[in-house]
Trainee: 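Let me give you the structure first, and then I'll get to my questions.
Along the sequence shown, residues carry numbers from 1. Bear in mind the structure is a predicted one, so any value in this text is a computation, not a measurement. Computed over heavy atoms, backbone and side chain alike; hydrogens, waters and symmetry mates excluded.
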Amino acid sequence: MGLISDIGNVISSAVNVVKETITTLGPLAEKAGKMLQIAGKYLGPVAQVIRIVGVLLDILKPKDNIEEMGAKAMNADKKPSDFDSNAEYIKYLREEVQLDKEKFEKANNVEKAARTAVGASIVASAISEKKGFEIPLETWVAMAKLNLTDKAKEVDSLLETFKDGKLEDFAKYVDGKLDIQKESKIGDDLVEMYKKLEPNASIEEIEEKIMNMDKSGK
């Protein structure tokens, strides 16, 4: 109970830290606050899933660090609205904003969570921008729950498979919150996706993988 309480306290405090940067970050601060609240204890894995997709889509360089990006954004002179795209804003943070390394290394857990949420929100926005559709925060959390933190192509395939208004349903599928009809349809879509993604896998292996996606504990 203590651990859960500690995580909750860190998240709520980090939300307040992010709110204080509203003049620096603009609407991005609100997005980061929502990410903290929705991701909760999955914030770290969520940020990692977002990072690997960012690298896959050439939004990020392999060495880019999500938390460092968030730290830079929270202290930058310019905000995302000063740029034509999120990709240009990321380039500005990478190339023109210096990181206060001493302050960065001395940060507490609240500051680390706030910076991670800001950095992840920036990259998630750039991914949605590049793909041309919105990706709900709940979808990123679902990917984290599935331990897809090192499976960029699988995550990208899932995003493409369910991009037509079904990304929220996919997240609910992972949480076991869909009715039988929608659950069956998502399951069928997953089978077809994995047939293409893993052509050497048997149908039994694919079906077992899909069954294991239910993280509801029912």
Side-chain angles (χ1 to χ4, degrees), residues 1 3-4 7-8 11 31 34-60 62 64 66 113 116-117 119-218:
M1 190 71 179
L3 178 60
I4 294 174
I7 292 171
I11 294 299
K31 288 184 178 181
K34 286 182 179 179
M35 177 170 288
L36 282 162
Q37 293 169 327
I38 292 174
K41 66 179 181 179
Y42 291 101
L43 178 63
V46 165
Q48 178 60 11
V49 171
I50 291 171
R51 194 192 76 82
I52 62 170
V53 176
V55 172
L56 180 71
L57 299 179
D58 292 324
I59 292 167
L60 294 180
D64 282 341
I66 288 280
T116 298
S121 297
I122 295 167
V123 181
S125 296
I127 291 170
S128 290
E129 188 176 71
K130 188 158 188 175
K131 283 193 164 294
F133 56 85
E134 278 301 312
I135 303 168
L137 286 172
E138 291 84 357
T139 303
W140 291 118
V141 176
M143 304 292 189
K145 289 179 178 179
L146 294 174
N147 296 316
L148 300 180
T149 54
D150 60 349
K151 296 179 172 62
K153 289 184 179 179
E154 187 170 345
V155 173
D156 192 55
S157 293
L158 288 165
L159 293 175
E160 289 295 324
T161 297
F162 298 108
K163 65 183 179 182
D164 296 323
K166 293 187 289 185
L167 285 169
E168 287 186 8
D169 282 347
F170 169 72
K172 290 178 181 178
Y173 179 91
V174 172
D175 286 334
K177 294 180 179 179
L178 283 182
D179 60 45
I180 294 176
Q181 186 175 359
K182 283 187 176 180
E183 186 177 285
S184 177
K185 181 65 174 70
I186 294 293
D188 290 344
D189 290 342
L190 284 169
V191 168
E192 293 307 310
M193 185 201 87
Y194 280 111
K195 281 182 179 178
K196 296 175 183 176
L197 188 65
E198 302 175 7
N200 295 324
S202 68
I203 188 65
E204 290 80 13
E205 290 171 328
I206 290 173
E207 288 177 346
E208 182 178 1
K209 178 190 285 282
I210 292 169
M211 286 178 63
N212 289 334
M213 281 184 160
D214 186 346
K215 301 301 178 184
S216 63
K218 64 184 180 182

Trainee: Got a sec, which residues hit side chain to side chain contact (heavy atoms under 4.5 Å, CB included) with Ile203, two or more places apart in sequence or on another chain?
Mentor: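 Testing Ile203 for side chain to side chain contact (heavy atoms under 4.5 Å, CB included), a comparison that skips the adjacent residues, returns Val191, Lys195, Glu207.
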
Trainee: Please list, chain by chain and in numerical order, all residues satisfying side chain to side chain contact (heavy atoms under 4.5 Å, CB included) with Ala113, sequence neighbours excluded.
Mentor: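 Once residues adjacent in sequence are excluded, the partners of Ala113 under the side chain to side chain contact (heavy atoms under 4.5 Å, CB included) criterion are Val10, Ala14, Leu36, Leu43.
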
Trainee: Mind checking what makes salt bridge (charged side-chain N to carboxylate O under 4.0 Å, His left out) contact with Lys185, not counting sequence neighbours?
Mentor: Asp189

Trainee: Mind jotting down which residue pairs meet the ring pair (Phe, Tyr, Trp, His ring centres under 6.0 Å) criterion with at least one end in residues 126-159? Sequence neighbours excluded, please.
Mentor: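 Counting only pairs at least two positions apart or across chains, no ring pair (Phe, Tyr, Trp, His ring centres under 6.0 Å) contact touches residues 126-159.
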
Trainee: Tell me, please, which residues at least two apart from Phe162 pass ring pair (Phe, Tyr, Trp, His ring centres under 6.0 Å).
Mentor: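 Scan of Phe162 (ring pair (Phe, Tyr, Trp, His ring centres under 6.0 Å), adjacent residues dropped) gives Phe170.
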
Trainee: Mind checking what makes side chain to side chain contact (heavy atoms under 4.5 Å, CB included) contact with Glu198, not counting sequence neighbours?
Mentor: Tyr194, Ala201, Lys209

Trainee: Please identify each residue that fulfils salt bridge (charged side-chain N to carboxylate O under 4.0 Å, His left out) with Lys172, with sequence neighbours left out.
Mentor: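 With neighbours one apart ignored, the set is empty.
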
Trainee: Taking side-chain hydrogen bond (donor to acceptor under 3.5 Å, both in side chains) as the cut-off, I'd like each qualifying pair that reaches into residues 124-133, sequence neighbours left out, listed once.
Mentor: Lys31-Ser125, Asn86-Glu129, Lys131-Asp156, Lys131-Glu160

Trainee: Restricting to side chain to side chain contact (heavy atoms under 4.5 Å, CB included), what partner residues turn up for Ser184, sequence neighbours left out?
Mentor: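 In terms of side chain to side chain contact (heavy atoms under 4.5 Å, CB included), with neighbours along the sequence ignored, Ser184 is linked to Asp188.
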
Trainee: To check you understand the geometry: which heavy-atom pair defines the closest contact between Ala152 and Leu56, and what is its length?
Mentor: O-CD2, 3.8 Å

Trainee: Check the pair Leu158, Thr139 against side-chain contact (heavy atoms from CB on, under 4.5 Å), reporting the backbone distance first and the verdict last.
Mentor: CA-CA 10 Å; Leu158 288 165; Thr139 303; over 6 Å; no

Trainee: Not counting sequence neighbours, which residues clear side chain to side chain donor-acceptor pair (under 3.5 Å) with Lys145? List them please.
Mentor: Asp175

Trainee: What pairs of residues pass the salt bridge (charged side-chain N to carboxylate O under 4.0 Å, His left out) test when at least one of them lies in residues 44-58, not counting sequence neighbours?
Mentor: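 Qualifying pairs: none.
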
Trainee: Output, in order, the C-alpha distance, side-chain angles, deciding distance and verdict of side-chain contact (heavy atoms from CB on, under 4.5 Å) for Asp169 and Leu178.
Mentor: CA-CA 7 Å; Asp169 282 347; Leu178 283 182; 3.8 Å; yes

